[in-house]
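Here is the structure we will look at, set down as structure tokens.
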Amino acid sequence: MAEISSTSSIFDSLLQQVQGYTRTPELVEVGYVQEVGDGIARVTGLHNIRLSELVRFADGTVGIAFNLERDNVGVIVMGSVDNINEGDEVRPLGRIASVPVGMGLVGRVVNAIGEPIDGKGPIASDEYYNIERIAPGVMERQNVNRPVQTGIIAIDAMTPIGRGQRELIIGDRQTGKTAIAIDTIINQKGQDMYCIYVAIGKRRGEVARMVALLEEYGAMEYTTVVVASASDAAALQYIAPYAGCAIGEWFMENGKDALIVYDDLSRHAWAYRQVSLLLRRPPGREAYPGDVFYLHSRLLERAAQLSQERGGGSLTALPIIETLLGDVSAYVPTNVISITDGQIFLETELFNAGQRPAINVGISVSRVGGDAQTKAMKKVAGGLRLDLAQFRSLAAFAQFGSDLDKATQRQLDRGLRLTELLKQPQYQPLSLTDQVALLYAGTKGMLDHIPVDRIREWQTAFLRAYHTQYADLADDIQNTRTLSDEQEAKLRDALTTFNAAFA
């Protein structure tokens with residue numbers, strides 16, 4: 001009897017719940033695929049969708065609303081279109097394309113929509129930023145006045161980069177553009193700088209080697225890698241830089257310093273051109289759509305040094321552009337040069353001649369200039385660019401074989417030694433104190449008696465002695481970032497003593 005009563009009570013309870021159920025109608029806008037192919041889908045029925053809003057297809061694939069036309073929506077598909085068919089249902093997700101941000105992304109490798117691809121589990125983040133965000137206004141910024149030490153002596157001395165700056169790295173393929181960016185990331189260890197590396201259109205094997213290299217040098221402890229490889233859809237290559245920038249903006253807006261490398265924006269422009277032509281946007285010069293300038297300006301303008309009222313954080317951008325046969329006057333290179341605060345131009349002839357990094361000092365420039373240099377570097381590197389410029393003009397003149405007076409020959413000899421001093425092996429960034437000591441020796445004529453072919457040997461031996469016999473002086477210059485008269489006298493004595501022993 002007890003079992004019967006309990007069963008009847010359960011039945012009565014269920015009956016009451018069923019009778020008390022009131023259905024609340026839910027209005028959901030649904031669209032349908034009109035046509036699909038080449039990574040593009042045209043969808044009808046989505047009349048209230050917003051630009052850059054995410055949609056989901058019947059097979060679970062996600063897309064972004066890219067073209068809002070009168071009778072249909074052009075959607076770029078972030079994945080394969082093989083399982084999407086005409087007539088399939090398409091539902092808007094109600095949110096703009098966004099990526100997870102925060103400390104959980106440090107040390108991770110993610111794709112263009114923030115999903116982990118390194119096999120280390122899900123991303124620990126509960127905060128999302130839209131990939132397209134408005135750049136900080138003029139009143140929210142302040143002057144760029146803190147350096148980013150790249151560890152590359154030619155850059156830190158002559159084209160210094162400041163925190164919050166946008167410095168373009170430009171040159172032909174295989175001239176060491178990525179190498180400069182990787183060396184800069186490696187040199188940020190212990191400098192309270194978070195790094196984001198965005199790989200656009202690169203081979204997956206190449207990206208895997210680079211990640212392994214960063215792990216080897218301990219750089220993945222503060223680096224996030226965003227990957228849109230050559231085998232990924234053009235849509236993913238198009239949104240990858242914006243996703244990486246959103247990740248970097250979180251650090252900037254939380255009072256931290258971040259450095260982002262876009263490698264490279266030429267492939268980004270190609271991906272955007274491909275997507276735009278497939279969606280039948282009108283082509284312009286070199287078949288790029290008319291807003292290709294805005295494509296990169298709205299990305300690079302997001303790099304800034306925020307004011308103290310906004311927390312004082314910074315986002316430094318190092319975009320990379322590939323040229324064809326050194327032509328910096330092509331469409332995309334000129335666009336990006338006009339947006340950035342300077343450029344580091346790498347030359348094929350210098351690279352092949354063994355001058356690495358192959359930086360053309362004449363064309364390379366930093367529009368922030370000495371504002372981003374430490375006092376010590378400014379003091380020793382002030383006349384370096386002029387010395388090298390005079391050396392180049394004299395070297396061209398000396399080719400005619402005419403007799404040279406002693407002063408001219410002395411300038412040529414010093415230029416050869418300075419050029420040799422600026423050569424630097426890959427993955428061996430130099431600290432500030434090392435750069436100051438080497439440049440002081442070169443510009444003050446303390447290497448004039450060293451044979452040119454022994455400059456590398458001298459440099460290795462001197463730096464070893466500098467950090468052992470003169471460690472107090474090296475640490476003092478590194479910590480104070482100045483070169484006082486007393487420090488200069490000690491440095492000169494150290495160089496004189498070492499040179500006597502080396503000779």
Side-chain angles (χ1 to χ4, degrees), residues 112 148 150-152 154-155 159 161 165-188 195-203 206-207 209-211 213-214 219 223-230 237-245 248 258-273 292-293 295-297 299-303 315-328 330-348 350-351 356-360 363-366 426-427:
V148 174
T150 66
I152 300 169
I155 294 175
T159 54
I161 301 172
Q165 189 177 347
R166 300 152 299 177
E167 182 80 2
L168 173 65
I169 303 172
I170 185 169
D172 285 4
R173 63 185 303 273
Q174 299 296 321
T175 51
K177 301 185 297 298
T178 301
I180 285 179
I182 297 301
D183 278 358
T184 303
I185 291 175
I186 290 172
N187 196 55
Q188 300 315 306
C195 301
I196 301 98
Y197 178 86
V198 185
I200 310 163
K202 291 192 169 295
R203 298 187 305 276
E206 190 179 348
V207 175
R209 284 194 299 273
M210 190 209 65
V211 172
L213 186 75
L214 292 175
T223 302
T224 303
V225 179
V226 182
V227 181
S229 67
Q237 296 181 41
Y238 160 62
I239 68 168
Y242 301 102
C245 190
L259 170 75
I260 185 164
V261 175
Y262 303 110
D263 191 6
D264 62 52
L265 291 188
S266 298
R267 288 188 176 90
H268 180 230
W270 298 347
Y272 181 64
R273 174 170 62 183
V292 72
F293 181 89
L295 171 79
H296 289 147
S297 66
L299 171 70
L300 295 171
E301 280 294 325
R302 289 160 69 176
L315 179 61
T316 308
L318 295 182
I320 295 176
I321 286 287
E322 184 179 299
T323 56
L324 183 63
L325 299 176
D327 183 15
V328 295
Y331 193 26
V332 172
T334 48
N335 281 348
V336 181
I337 285 172
S338 66
I339 298 166
T340 49
D341 305 315
Q343 68 275 348
I344 297 166
F345 182 69
L346 303 178
E347 206 168 54
T348 306
L350 290 174
F351 186 87
R356 301 174 188 178
I359 298 173
N360 183 318
I363 300 179
S364 301
V365 66
S366 172
Q426 197 173 353
Y427 315 133

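Each residue takes its place number in the sequence, starting with 1.
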Close side-chain approach of [X] to [Y], heavy-atom, < 4.5 Å:
X      : Y      : value
Leu295 : Tyr242 : yes
Asp172 : Phe351 : no
Ile155 : Glu167 : no
Val148 : Leu318 : no
Gln343 : Val336 : no
Pro333 : Ile170 : yes
Leu346 : Ile344 : yes
Ile180 : Thr150 : no

side-chain contact (heavy atoms from CB on, under 4.5 Å) assessment of His296 paired with Val332: CA-CA 9 Å; His296 289 147; Val332 172; 4.1 Å; yes
Heavy-atom closest contact ([X] atom, [Y] atom, distance):
X      : Y      : answer
Ile196 : Gly244 : CG2-O, 4.0 Å
Pro319 : Leu265 : CB-CD1, 3.6 Å
Ala112 : Val226 : CA-CG1, 4.3 Å
Tyr427 : Asp183 : N-OD1, 2.9 Å
Leu300 : Arg166 : O-CD, 2.9 Å
Tyr238 : Ala271 : N-CB, 4.2 Å

Polar side chain donor-acceptor pair, Glu206 to Thr178, under 3.5 angstrom: no
How many angstroms lie between [atom1] in [X] and [atom2] in [Y], if you round to the nearest 0.5 Å?
X      : Y      : atom1 : atom2 : value
Ile359 : Thr175 : CD1   : OG1   : 10.5 Å
Ile182 : Asp263 : CD1   : CG    : 7.5 Å
Ser266 : Arg173 : OG    : CZ    : 12.5 Å
Ile152 : Arg356 : CD1   : CZ    : 14.5 Å
Ile200 : His268 : CD1   : NE2   : 6.0 Å
Arg209 : Arg203 : CZ    : CZ    : 6.5 Å

Step-by-step side-chain contact (heavy atoms from CB on, under 4.5 Å) determination, Gln237 to Trp270: CA-CA 9 Å; Gln237 296 181 41; Trp270 298 347; over 6 Å; no
For Arg267, all residues meeting salt bridge (charged side-chain N to carboxylate O under 4.0 Å, His left out), sequence neighbours excluded: Asp264
Ser364 side chain vs Phe345 backbone, donor-acceptor pair below 3.5 Å: yes
